[in-house]
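Notes follow once the structure below has been shown.
Just follow the structure's listing: the first ligand is 1, and inside any ligand the first atom is 1.
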Amino acid sequence: MHNSPVSRRRMLSLIAGSAIVMPAVLTAARAHAEQNKAIRDALKYQDSPMKGQQCSGCMQFVPGKTPKDRGGCKVIAGDTEISPQGWCTAWVAAPAK
Ligand code: SF4
């Protein structure tokens, strides 16, 4: 990094710009999560299994990085916090492997 006043000014400008942009990004993410909450509520999503059925065995589940990580759901678009042990009323058995 340069120590000239111009580069410091540029750096401060970038930091100030980030401080303005980041809250907008976080607000957008929060708004999307609320939308997902509405879908979750409509589907009666819960973070625990129901009568032996759970997301990891549902054809709509999109697994996370590991089998224990939270993943996504094709029915609840954009939601990355679906528990493999979760369940909702849209559960459909995944095809046998
Ligand atoms: Fe889980 Fe319901 Fe999505 Fe199936 S449809 S993965 S049960 S949230």
Q) Short list, please: which atoms of ligand 1 are under 4.0 Å from a heavy atom of Cys55? A) 1 (Fe), 6 (S), 7 (S), 8 (S)
Q | Nearest-neighbour protein heavy atom for atom 2 (Fe) of ligand 1, which is reported as residue plus atom name and distance | A | Cys88 SG, 2.2 Å
Q) So does Arg70 pair up with Asp79, basic N to acidic O under 4.0 Å? A) no
Q) Regarding Gln53 and Trp91, is there a side-chain donor-to-acceptor distance under 3.5 Å anywhere? A) no
Q: Would you mind listing which atoms of ligand 1 come within a distance below 4.0 Å of any non-hydrogen atom of Phe61?
A: 6 (S)
Q) Between Lys44 and Cys88, is a side-chain contact (heavy atoms from CB on, under 4.5 Å) present by the stated rule, with each step listed? A) CA-CA 5 Å; Lys44 300 186 184 336; Cys88 84; 5.9 Å; no
Q. Quick one: CG on Asn36 to OH on Tyr45, what's the gap to the nearest 0.5 Å?
A. 11.0 Å
Q) With a cut-off of 4.0 Å, which atoms of ligand 1 are near a heavy atom of Trp91? A) 7 (S)
Q | Distance, nearest 0.5 Å, that separates SG of Cys73 from CE of Met59 | A | 11.0 Å
Q) Which of the atoms in ligand 1, numbered in the order shown and given with their element, are less than 4.0 Å from a heavy-atom of Cys58? A) 4 (Fe), 5 (S), 6 (S), 7 (S)
Q: Name the closest protein heavy atom to atom 3 (Fe) of ligand 1, giving the residue it belongs to and the distance to 0.1 Å.
A: Cys73 SG, 2.3 Å
